[in-house]
Protein chains: 2
Amino acid sequence: MTAARVRSGGRPTLEEVAARAGVGRGTASRVINGSPRVSAHTREAVEAAVAELGYVPNRAARALAGNRTDAIALVVPESESRFFAEPYFSDIVRGVGAALADTEMQLLLTLVGSDRERRRLAQYLTAHRVDGVLLVSVHADDPLPDLLEQLGMPAVMNGRRSADESLSSVDSDNFEGARSAVEHLASRGRRSIATITGRLDVYASQSRLDGYRQAVQDAGLEPDERLIAPADFSEEGGARAMRDLLARRPDVDAVFAASDVMAAGARQVLREAGRRIPDDVALIGFDDSAVARHMDPALTSVRQPIEEMGRTMTRVLLDMISGESADRAQIVLPTELVVRDSS
Amino acid sequence: MTAARVRSGGRPTLEEVAARAGVGRGTASRVINGSPRVSAHTREAVEAAVAELGYVPNRAARALAGNRTDAIALVVPESESRFFAEPYFSDIVRGVGAALADTEMQLLLTLVGSDRERRRLAQYLTAHRVDGVLLVSVHADDPLPDLLEQLGMPAVMNGRRSADESLSSVDSDNFEGARSAVEHLASRGRRSIATITGRLDVYASQSRLDGYRQAVQDAGLEPDERLIAPADFSEEGGARAMRDLLARRPDVDAVFAASDVMAAGARQVLREAGRRIPDDVALIGFDDSAVARHMDPALTSVRQPIEEMGRTMTRVLLDMISGESADRAQIVLPTELVVRDSS
DNA sequence: GCGTAGAGTGGGAGCGCTCCCATACGGTGG
DNA sequence: CCACCGTATGGGAGCGCTCCCACTCTACGC
C-alpha cells in the first residue's frame, strides 16, 4: 500500500506510474507509447510499474491531448433494410471486428435513418469524434461521402457509387459474379436466360446487369430486352418481375436474380405457374444467404466475400489514418458461384 | 501530416462561443448543458453564438472533465455464432439504435472472441471507457457479468443466466413461447409431440423445455423422455436429434424445435424418412427468422420481440446510468406464435 | 584540454471542458 | 440606513494525457 496507490479510489494515472517507476511523466509516456528513445532499464521499470498498478491509459485524456480518438465509425443507413438482412450486416461487422482485434481502435456503430440523424452524423464527424469512417450501402445521391471528402476525413466505402468512385472503396466483383452465373446457365444448355435486376440506381445492380449482358453475348445467345426485368431487391419485387418475364417470354428456361430474396419471390411465381425448378426453369440468386441454403430446391447463388470486405475496408482505413497510404484505394474482391440444386 | 489532423484553427471552442456571446465560459457551459440558472436573455445570446459558429462540444474534453463518456458498449461474444444468425444481431442493434436515437450516447460495438479479448474488455471497463454495458448471449459460466457487478458498472443483459439473475436483464418469455407452441400442436390433435432442445446450459433452452413439459401435461398427454432430444441450436444438431426421435418414437406426429435452424435440420431428416409436413409430422420452430419464412412448407415459429428487447435493454441501461432507477430490473417480453403451413 | 553532438530524461504548457467558489447586484426585512 | 439573501454570472482549478523544449550526461572529435 504505497501512498500513490491510495489516491481516492480512482484508477492509477500516468503520473502515479511514473512516480512508482522513479521516472518522469514524459518518460513513462514514452514507454507506454513505444517510443524508441528510452533506455532498456527505464523501460523495464515503467513496465513493471504499469503491471503492478494495473494502469490503463485514460482514453479521453489521450484524445484531448493528442487530438485523435482512436475510434472509427461504421455508418449504417438504417433505411436500407436490405443491408440488415442476413448475412450482410453481421458478416461486415465480423470482418471489421477481426481487423480491429489487435489494434487499440474502437468501433462506433452509427445508425442513420432520418435526415435529422444524418445531419447529426455530419456534426459528429465535424466535431472530430472519430479518426475515420466506414460507409456501407451508400446510394448514388448520398451527400455523406462528399462531405467526408471535403472534411478530409479518412473514409472507405463498401461498394461504389459509380465506376470512377472518388473515395476509397472495397467492392465485390459484381460484374464477374453475374457473368459467371449466366455463363454457368448457358453451359448447361439454357437458351432463354432472363435476369431480375436490383434497383438500377445502385451501381452494383448495374454491374450485375452488365455481367449478365456480357455472358449472354459470349454464349452467342440472342439478347432480348424482354428478358431483363428490373426490380428492387425485395421478394415481392422479384415475384412481380418473374410474372412479367413469364408473360413476355413464356419460353424462359433460366433466371438469374440479382439477390437471393428476389430469387425466392421468383421461385414462388414459378411454382404457381407450374414450372419445375430446375427442370423447366433454372434459377440462380446472389448473396448466398440463409435463404439460398434453405430454399427448396437449394438455390445456386453467387457468394460475396462479405466478411473479407469488412476486413479489407478496415485495413485500408487504418492505413489511411496512420498516413501510410494517402491515395485512395479501389479494391475489388472476387465472388464465387455456389452451385446447388436450382440450376 | 495525416488527414485526420484537421484541427487547430478548425472547430470553435466553448471559450470562443462565450466570447462571441459576450458572456463567460461558465455561463456558456450552463446554456449548452441546459442549466436553469441562466437568464433568458443570456441564453438566447449564447444559443445564437452556437448557431453562428456551428459549435459542437468536444467529447473528449467533456469526458475528461466530467468523468463520464456518454457512450455505452454492446458486448457481443463472437464465438456465439447463433447470435450472429439472422435475425438476432441486426434486430438487437436496431432496437438499441432506436433507443439511442435521441440521446447523446454513442454505441460502442465490442466483439469478444478469445480469452485475450475478454481480458482486454475487462480493462476497457476498468478504465471506465463507457458509462454502461449491454450484454448479449451470456453463458452461465461467463465471468463478465460478475465482473461488471463488482465494478459497479451499470449493465443490462439480454436473457438471463438463471431464474434468479442478479444483474438487470431483459428476456423474452421462453417458457410461454414454448408452451403456446406445444399447446397449438396438441389442439390440432397431435398426440406424440416431441421437442428438440437447445444447449441446456443456456437458461433459455431450459425455459423452453419447461414450457414444453407444462403444455404436454396440460394437454393430458403422456410425458415421455424419449420425446425429448437435446441438441445445440445447429442445423446438423437438429437433424441428428430428429433421427434419434424417429428411432426412439417412430409414432412421433409433431416436433417443437427450440430454434428455426434446428427445425430446418429436422425437416430435412423428416423428408428423407418420407414423412410429410405437416400431414404426418407437424413442425414448429423458434425465432421466426428468414429460414422459417422461406422454408417449404413455411415454418410455424415462435416470434421473439428482438428489436423491442434491444430497445428495452437500452432504456433500462440509460435509466441506470442517469441514476433514475438504481435497482435491477427483470423484464420479460411476450412472444407470439406465428402459424404457417408446417403445423 | 575544449567544444559538440546526441541520447535519455524531466516537466511546463496546454488540449476543451465541467465543477465550483467567488463575486456582483438587486431586492428584502428590520 | 444596513445587514442579509438569492440569483446570475465570471473565471480558476483541475481532469490525465501528449507534445516539445530544456536540460543533463555521456562519448567523441579536434
Side-chain angles (χ1 to χ4, degrees), chain A residues 4 7-46 49-50 53-71 104 126-129 131, chain B residues 1-2 4-46 49-50 53-71 104 126-129 131:
Chain A
R7 202 191 128 273
S8 66
R11 306 268 85 239
T13 68
L14 185 58
E15 198 85 51
E16 286 161 23
V17 169
R20 174 153 197 137
V23 302
R25 181 167 29 78
T27 302
S29 174
R30 261 167 235 128
V31 171
I32 283 157
N33 292 290
S35 158
R37 319 182 82 64
V38 188
S39 71
H41 176 261
T42 305
R43 178 178 307 280
E44 278 165 32
V46 173
V50 165
L53 297 176
Y55 171 76
V56 181
N58 179 315
R59 272 202 173 229
R62 226 179 213 182
L64 183 58
N67 192 42
R68 70 199 156 108
T69 62
D70 286 344
E104 281 290 296
T126 307
H128 197 69
R129 285 180 183 168
D131 294 339
Chain B
M1 282 307 283
T2 316
R5 301 192 176 279
V6 202
R7 67 151 310 274
S8 185
R11 306 276 86 238
T13 69
L14 184 58
E15 198 86 51
E16 286 162 29
V17 169
R20 174 152 198 139
V23 302
R25 180 168 30 78
T27 303
S29 174
R30 259 167 236 128
V31 172
I32 282 158
N33 293 291
S35 159
R37 316 182 85 63
V38 189
S39 71
H41 176 261
T42 306
R43 179 178 306 282
E44 278 164 30
V46 173
V50 165
L53 296 176
Y55 171 75
V56 181
N58 179 316
R59 273 201 172 230
R62 227 181 211 177
L64 183 57
N67 195 39
R68 67 199 158 109
T69 62
D70 285 344
E104 282 289 297
T126 307
H128 198 70
R129 285 180 183 169
D131 294 340

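So you know, we letter chains A, B, ... as the sequences are listed, proteins then strands, and number each from 1. Keep in mind that this is a model prediction, so the values were computed, not measured.
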Participant: For A:Glu15, give me all partners under salt bridge (Lys or Arg N to Asp or Glu O under 4.0 Å), at least two apart in sequence or on another chain.
Facilitator: A:Arg25
Participant: Enumerate the protein-to-nucleotides 20-25 of chain C contacts in which both atoms are nitrogen or oxygen and the separation is below 3.5 Å.
Facilitator:
from, atom 1, to, atom 2, distance (Å)
C:dC20, N4, B:Arg30, NH2, 3.2

Participant: Report the residues that fulfil side chain to side chain contact (heavy atoms under 4.5 Å, CB included) with B:Ala63, sequence neighbours left out, ordered by chain and then residue number.
Facilitator: A:Ala60
Participant: It should be established whether B:Asn33 places a side-chain nitrogen or oxygen under 4.0 Å from OP1 or OP2 of nucleotide C:dT18.
Facilitator: yes
Participant: Can you list the residues that meet the salt bridge (Lys or Arg N to Asp or Glu O under 4.0 Å) rule with B:Arg20, with sequence neighbours excluded?
Facilitator: B:Glu52
Participant: Name every residue in residues 35-44 of chain B that has at least one heavy atom under 4.0 Å from any atom of DNA chain C, in order of residue number, or write none if there are no such residues.
Facilitator: none
Participant: What distance separates A:Ile32 CD1 from A:Tyr55 OH, expressed to the nearest 0.5 Å?
Facilitator: 4.5 Å
Participant: What residues form a side chain to side chain donor-acceptor pair (under 3.5 Å) with A:Arg43, not counting sequence neighbours?
Facilitator: none
Participant: Grab the CD-P distance between A:Glu16 and D:dG16 for me, whole Å please.
Facilitator: 8 Å
Participant: Measure CZ/B:Arg68 against P/C:dC17 and give the value in whole Å, please.
Facilitator: 12 Å
Participant: So, is B:Asn58 near the phosphate of C:dC15, with a side-chain N or O under 4.0 Å from OP1 or OP2?
Facilitator: no
Participant: Residues in side chain to side chain donor-acceptor pair (under 3.5 Å) with A:Asp70, at least two apart?
Facilitator: A:Arg68
Participant: Which heavy atom in A:Leu64 sits nearest to a heavy atom in B:Ala61, and how many Å separate them?
Facilitator: CD1-CB, 3.7 Å
Participant: Any side-chain N or O of A:Thr27 under 4.0 Å from OP1/OP2 of C:dG10?
Facilitator: yes
Participant: Would you kindly compare A:Arg25 and B:Glu15 by the position of their nearest DNA chain C nucleotide and give the one closer to the 5′ end?
Facilitator: A:Arg25
Participant: Could you pull out all residues at least two apart from A:Glu44 that satisfy side chain to side chain contact (heavy atoms under 4.5 Å, CB included)?
Facilitator: none
Participant: So, using side chain to side chain contact (heavy atoms under 4.5 Å, CB included) as the criterion, who are the partners of B:Ala18 when residues are at least two apart?
Facilitator: B:Val23, B:Ala28
Participant: Within this structure, what is the CZ-to-C1' distance between B:Arg11 and C:dG16, rounded to whole angstrom?
Facilitator: 14 Å
Participant: C:dC19 C1' sits how many Å from B:Ile32 CD1, rounded?
Facilitator: 15 Å
Participant: In chain order, what residues pass the side chain to side chain contact (heavy atoms under 4.5 Å, CB included) check against B:Ala65, with sequence neighbours excluded?
Facilitator: none
Participant: Let me check the geometry of the helix from C:dG1-D:dC30 to C:dG30-D:dC1. What is the bend angle between the axes at its two ends, five pairs each, to 10°?
Facilitator: 60°
Participant: For B:Ser39, give me all partners under side chain to side chain donor-acceptor pair (under 3.5 Å), at least two apart in sequence or on another chain.
Facilitator: B:Thr42
Participant: Which comes earlier along DNA chain D counting from the 5' end, the contact point of B:Val23 or that of B:Leu64, where each point is its nearest nucleotide?
Facilitator: B:Val23
Participant: Which nucleotide sits closest to the side chain of B:Thr13: C:dC17, D:dG16, C:dT18?
Facilitator: C:dC17
Participant: Does a donor on one side chain and an acceptor on the other come within less than 3.5 Å for A:Asn33 and A:Arg62?
Facilitator: yes
Participant: Between P on C:dC17 and CZ on B:Arg59, what's the gap in Å once rounded to a whole number?
Facilitator: 13 Å
Participant: B:Arg62 near the nucleic acid: base, sugar-phosphate alone, or nothing, with a heavy-atom cut-off under 4.0 Å?
Facilitator: sugar-phosphate
